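Right, one structure below, let's go through it.
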Amino acid sequence: MENEPDHENVEQNLCAKTTEEELNKSFNLEASLSKFSYIDLDKELEFKNDLIDDKEFDIPQVDTPPTLESILNETDDEDESFVLEDPTLLNIDTIDSHSYDTSSVASSDSGDRTNLKRKKKLPDSFSLHGSVMRHSLLKGISAQIVSAADKVDAGLPTAIAVSSLIAVGTSHGLALIFDQNQALRLCLGNTSVGGQYGAISALSINNDCSRLLCGFAKGQITMWDLASGKLLRSITDAHPPGTAILHIKFTDDPTLAICNDSGGSVFELTFKRVMGVRTCESRCLFSGSKGEVCCIEPLHSKPELKDHPITQFSLLAMASLTKILVIGLKPSLKVWMTFPYGRMDPSSVPLLAWHFVAVHNYVNPMLAFCRGDVVHFLLVKRDESGAIHVTKQKHLHLYYDLINFTWINSRTVVLLDSVEKLHVIDRQTQEELETVEISEVQLVYNSSHFKSLATGGNVSQALALVGEKACYQSISSYGGQIFYLGTKSVYVMMLRSWRERVDHLLKQDCLTEALALAWSFHEGKAKAVVGLSGDASKRKAVVADRMVEILFHYADRALKKCPDQGKIQVMEQHFQDMVPVIVDYCLLLQRKDLLFSQMYDKLSENSVAKGVFLECLEPYILSDKLVGITPQVMKDLIVHFQDKKLMENVESLIVHMDITSLDIQQVVLMCWENRLYDAMIYVYNRGMNEFISPMEKLFRVIAPPLNSGKTLTDEQVVMGNKLLVYISCCLAGRAYPLGDIPEDLVPLVKNQVFEFLIRLHSAEASPEEEIYPYVRTLLHFDTREFLNVLALTFEDFKNDKQAVEYQQRIVDILLKVMVENSDFTPSQVGCLFTFLARQLAKPDNTLFVNRTLFDQVLEFLCSPDDDSRHSERQQVLLELLQAGGIVQFEESRLIRMAEKAEFYQICEFMYEREHQYDKIIDCYLRDPLREEEVFNYIHNILSIPGHSAEEKQSVWKKAMDHIEELVSLKPCKAAELVATHFSGQIEVVIKKLQNQVLLFKFLRSLLDPREGIHVNQELLQISPCITEQFIELLCQFNPNQVIETLQVLECYRLEETIQITQKYQLHEVTAYLLEKKGDIHGAFLIMLERLQSKLQEITTHQGEKNTRELASLKDVEDTMVDTIALCQRNSHNLNQQQREALWFPLLEAMMAPQKLSSSTAPPLHSEALKSLTMQVLNSMAAFIALPSILQRILQDPVYGKGKLGEIQGLILGMLDTFNYEQTLLETTTSLLNQDLHWSLCNLRASVTRGLNPKQDYCSICLQQYKRRQEMADEIIVFSCGHLYHSFCLQNKECTIEIEGQTRWTCYKCNSSKQVGKPSENSSEIKKGRITPSQVKMSPSYHQSRGDPAKKATSEPVLDPQQIQAFDQLCHLYRGSSRLALLTELSQNRNSESYRPFSGSQSGPAFNSIFQNENFQLQLIPPPVTED
């Protein structure tokens, strides 16, 4: 150790003065951040809940695009000084114009000014949170590490530990200790010891920074005094030799440390000093034989938390390759928790990190652990009994593999992924705040120590695999800072202060983002906040002041950056992008003084900016978020919109502003000229408390045209509607167009409006003006709405004397105006009396109306001079009665007058009151507009409960009296009514229907289900005679539809129906009925007779017009087709003789005209008849043998004389059919033979192929099959490769019955599928799990296959191997074989018939190939498989 001081001096000379200054500042920052981190965050979290916002903010997640830093990254100049500022002293005035960062990707504010000109789209996370982390190079330490490697052969750096000092271990066994000034204070150890111990693989500094523990790659441990640089202990026997130290950690107890070696074991080291002798006792906490531990983390508590109840346990977290353990070292060793990993990548690195966090106002330690891409958080608490409880918190799912996890404070964590990218995450919201690329650090990895290369690599493969990504000793955190050890450098990363984050965005020229970030600080919604302390109001004030500075800068920039030339639209767009931001934030900060003074004055320098500013105010004014605008701005605002011809906007703005500071008369004049009536009324009301003047102005416009009977213009209609709404608001105490009238003015305004309305004459009345002009005008304009306004007003009236007088006065005026004038329509008069009836019907009514007036109204409505407006008068009278006016009339007189006037709805209303429901039916039937509704009315009376039996009987009787009218009106509805309510009286209804056409319509609706009647036919129980009566009527009125109807009818007798159809000579119908009866021959004779008559017509009417000939031929063809269909439908149920009795007469009938016709017959006839005859022959060939047909033709006397010319075509056609069928038969036979040959070849190849067992022992007893030779036991091999003794299989009951055969099943394959249903056995056979795939071997001949037992049956039976092979073939073919298809087709054929395609015959449906949903017709030859 003699040369050690010189060595230290050499190293100290490497440190430059500038570097010392940097480290002074750096370590001041460390100390301040350390104090801030744990006192301001943890302690204040405990006592001041408002400093932590526990809510998760709803900010959308974003993908991770390339960061702005990576775009703007440029390497700094080498000679640029790099100063770490203290964030507590940082403000905008002292910030250096250059970057704080070096060539990190995080340095988006590089000193290179060209970078600022790049206009790139900001990524979402950057614009939302700004740059959260500051990434800095410790140049002094980095330079000295490189220098030490070059000059004293210190080797490359391998480990780092940080406290108030920084310790860096090297690959040649040296520990370099740097102080706060980045000066090298100590160089511990030497290269000779390094050669003996190997590289430093782990470092640890105790709490008071007095001791350093070094772990070495060859397993030794040394302890150093950091004050004197003396070696205190050299420990060589703390753990098994030949294993590297992976971790060495001091606990909070300076006499206790934990080490973890590459054997996966964990040891507790207890340091003692007895009589001046330093000793170390080692105790194994966890043996690597139970699972290798590769990460340990003791719980450290800061001095301010030393009294926390959890610290007395001295907790230690350990991560093995399979689980997490938390143990307590004190007062005695105890395991508090184990937590296994889920599924993970075996190469992932286990990570552990403790931190004290505040949850529900209590500070407790939280353990974060991770392996792979999921971080779990465990909250550790101590209960009153002294036990520790571990609670699982919300875990964090990531999309990358982690290699480091570090807490930077209680809310923010920094993660490093396997591609060396840092992710800053807010723990509570799990939001990613920033991503930083740190590949330029060239991070040191601890792989060689995990593989224990220095001691021969005697570690497990699993630990070596984890070690590929291990960087535990290269990253150390202290006081809110994270230090990263590179191969030639040391970097430090810390959170930026809130000011620095805002200013960082300002440097990027991202003013909008800077304002948004500052506002998030103001509202307490920002993440990873540093530098804001105090109560909420104080924090808001500090941030608000900074935002105001930025806003001024923003306004200057907006004016400065405005394009000087170009289109006005470009300038407008520029300010539309910029100015709303200023307005928004001024209003958010509640700084209207700033907005309307300095900001407005500044922006007014540019006319375009001023206009955009004024337009920006509009939405805030309309939503009432901006009140109290200065008079100057208000005036400019109105003028601006007026100049741009946006008068509608002006109106909407005026009604939301306090206009008392403006020139009222000027504004009123502008509103009137521009037809801004809402604004005009608002200005009168709010500006002058004048409510009557606007009414007078509007009346002067709409009264003259109404009084002269002219039609109002659209503009005048709008004015009239506004006037009505305005009057309604005034009488209801509401302001127009929005808000409320002040309460003290409400009674006054109501009185003024009433007095105005009931004035006898207007102010400037002409002599011709009629009395009560205002009421008259409103009644003429919209009677109904005006009366509604009055009705609503009467509702609000209190029953005081004045209110009663006003109501009576208004009513008297209304009656005087409307009843004494004939220029009001019945509808208008009716509205008035309906209004009066409603008022009189009120229980607290005080109005008086002469009853005679109501009689006059009744006369007026029921006995007009002309018959116009009938429905309108009836509707008015109905409303009047429904509103309570019926008490004003004598009911008998009212009914008489209504009947006389044909007011059937009035009659219905009156009859309803008297429960005379039967008379209402007459009302419906007489009313042409509502006559079809009578059915629903009758149905409702008869079905809805609440009506008496007498009432229902009278209604039904009335309906029966008018049944003919009802049927003629809607036969379907009438039939449905009868069937629903009186199905037993159908015969009575039929007797009442004398008109045969009506009866036919009624019965068709009742019986024919196609008519759409919604009645269950089974419940009707209609007698057959009624159905037959309907069929007879159908034969009379619609003979063409008889067959179609008979097909859907059910209840009729065949004999009687046949007589009816014969009576009306409907031959096709008779034939259909005879066929249905079973008399096939009789039906055939009728059809044959009809066919012959049609053919007779053709032969007798030859030479007539072509159209008639064509029609006749069409009739013949149709009749023949029906006859053929009859024969085809029934042939399969007949024997050969009966079939010939059908088909041969048909053939004879078709050939007879050809024999009789002369040679001069038209070619059209002969060709057509030959074609039809061929059709008959082709049809009968399916049922009659071809030789029989040919023989019958040749035996014919006409053709027996050798003249075969006429039948040459027929015979040739039959020969063609024969050739076709012969070819089809040959092709089918060939295909069958090919199929059979292919199947047998493959069957033979499959059966002769041997099975290859996977193992040479039984899969149940696990004994080799050769060892049990002495037992007479067979060996069974399955195609899946499993091998068993038959005795073992029998014990496991591995047999199954399939198709009467007992088959073995593979035990292992079957047990894994035990949940399968029995129906799956067929699929299991194909997969080789059941006995067809077995091969039995006898004990003496293990390689020969034993013969299976044969059944004593005469039929050839496939043995199990052949069945298995055939099943595999079927599976290979992916479908049913053609042999199976043809077999099923042949089974479907009837033995007596020769019908190639018979759809009516079906075999067992459940096993049909054709009904299988996977059935596909394969039209390609089968594949050829090689042996």
Side-chain angles (χ1 to χ4, degrees), residues 37-39 41-43 45-46 163 204-208 211 213 238 247-260 265-272 280-287 290-291 293-320 323-340 350-370 376-393 405-407 410 477-478:
S37 174
Y38 285 94
I39 294 178
L41 281 183
D42 283 336
K43 204 166 183 178
L45 281 173
E46 183 178 2
S163 182
S204 180
I205 302 175
N206 66 354
N207 279 349
D208 60 1
R211 298 284 184 269
L213 279 174
H247 301 278
I248 184 90
K249 303 273 187 181
F250 270 112
T251 64
D252 283 347
D253 182 352
T255 65
L256 196 64
I258 312 295
C259 79
N260 172 207
S265 300
V266 180
F267 294 87
E268 177 189 70
L269 307 179
T270 307
F271 306 116
K272 294 182 179 179
C280 175
E281 295 179 3
S282 172
R283 176 171 66 152
C284 181
L285 300 178
F286 189 91
S287 171
K290 298 177 182 177
V293 170
C294 51
C295 180
I296 59 172
E297 196 65 46
L299 173 60
H300 290 288
S301 57
K302 293 300 171 182
E304 58 270 16
L305 292 171
K306 67 180 185 299
D307 296 328
H308 195 286
I310 212 88
T311 57
Q312 66 187 33
F313 294 98
S314 189
L315 294 182
L316 171 68
M318 302 186 294
S320 75
K323 60 187 174 183
I324 300 290
L325 295 93
V326 176
I327 65 174
L329 302 177
K330 297 179 179 178
S332 61
L333 191 64
K334 183 172 182 178
V335 178
W336 286 108
M337 185 212 72
T338 59
F339 194 100
L351 303 171
L352 295 169
W354 288 99
H355 203 280
F356 281 87
V357 299
V359 177
H360 303 306
N361 292 336
Y362 290 98
V363 175
N364 282 300
M366 182 176 283
L367 174 66
F369 74 87
C370 167
H376 298 271
F377 295 96
L378 301 177
L379 188 67
V380 182
K381 296 180 182 177
R382 182 191 175 202
D383 63 11
E384 296 175 357
S385 66
I388 286 180
H389 291 283
V390 179
T391 311
K392 192 173 180 183
Q393 306 292 301
F405 179 102
T406 311
W407 295 89
S410 60
S477 65
Y478 178 74

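Please read these numbers as outputs of a predicted model, since none were measured by experiment. Side chains included, hydrogens not; waters and symmetry mates left out as well; all remaining heavy atoms used.
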Report task. Would you check if the side chain of S204 reaches a backbone N or O of L213 as a donor-acceptor pair within less than 3.5 Å? Result -> no
Requested in this report: Without swapping roles, check the side chain of H247 against the backbone of E297 for a donor-acceptor pair under 3.5 Å.
Outcome: no
**Report entry** Donor-acceptor contact present, side-chain W354 to main-chain P365, <3.5 Å
**Finding:** no
Query raised in the report: Roughly how far, to the nearest 0.5 Å, is the CD atom of E268 from the CG atom of L316?
Result: 9.0 Å
Report task. Could you tell me whether the side chain of N364 and the main chain of K381 form a donor-acceptor pair under 3.5 Å? Result -> no
Query raised in the report: Stepwise, does the side chain to side chain contact (heavy atoms under 4.5 Å, CB included) test hold for L299 with L367?
Result: CA-CA 9 Å; L299 173 60; L367 174 66; over 6 Å; no
Requested in this report: Working to the nearest 0.5 Å, report the span between CE of M318 and CG of L325.
Outcome: 5.0 Å
Report task. Identify the heavy atoms of L269 and A238 that sit nearest to each other, and give their distance. Result -> CD2-CB, 3.5 Å
Query raised in the report: Counting distance only, does the side-chain N/O of T251 pair as donor-acceptor with the main-chain N or O of L256 below 3.5 Å?
Result: yes
Query raised in the report: Has the side chain of D383 got a donor or acceptor atom that lies under 3.5 Å from a matching backbone atom of H389?
Result: no
Query - Donor-acceptor contact present, side-chain H355 to main-chain A368, <3.5 Å - result: no
Query raised in the report: Counting only heavy atoms not in K392, do more than 12 fall under 6.0 Å of its NZ?
Result: yes
Query raised in the report: How many angstroms lie between CD1 in I324 and CZ in F339, if you round to the nearest 0.5 Å?
Result: 8.5 Å
Query raised in the report: Closest heavy-atom contact between F369 and L352?
Result: CB-CD2, 3.6 Å
Report summary line: The residue among V326, V390, T391 that forms side chain to side chain contact (heavy atoms under 4.5 Å, CB included) with L378 is V390
Query - side chain to side chain contact (heavy atoms under 4.5 Å, CB included) assessment of F356 paired with S301 - result: CA-CA 8 Å; F356 281 87; S301 57; 3.8 Å; yes
Requested in this report: Would you please test K330 and D253 for side chain to side chain contact (heavy atoms under 4.5 Å, CB included) and show each step?
Outcome: CA-CA 11 Å; K330 297 179 179 178; D253 182 352; 2.9 Å; yes
**Report entry** Worked check of side chain to side chain contact (heavy atoms under 4.5 Å, CB included) between H300 and N207
**Finding:** CA-CA 9 Å; H300 290 288; N207 279 349; 4.2 Å; yes
Query - Sidechain-backbone polar pair: S410 side chain, V357 backbone, donor-acceptor under 3.5 Å - result: no
Report summary line: Taking every heavy atom of F271 against every heavy atom of P254, the minimum-distance pair comes out as CD1-O, 4.0 Å
Query raised in the report: Which pair of heavy atoms, one from F267 and one from S282, lies closest together, and at what distance?
Result: CD2-OG, 3.6 Å
Query raised in the report: Measuring from M337:CE to K323:NZ, what's the distance to the nearest 0.5 Å?
Result: 10.5 Å
Requested in this report: Compare every heavy atom of G328 with every heavy atom of L315, then report the nearest pair and how far apart it is.
Outcome: CD2-CA, 4.0 Å
Report summary line: Closest non-hydrogen contact found for S163 with I205 is CB-CG2, 3.9 Å
Query raised in the report: Between atom NZ of K272 and atom SG of C280, what is the distance when rounded to the nearest 0.5 Å?
Result: 10.5 Å
**Report entry** Atom pair CG (L285) and CD1 (I327), whose distance is rounded to the nearest 0.5 Å
**Finding:** 5.0 Å
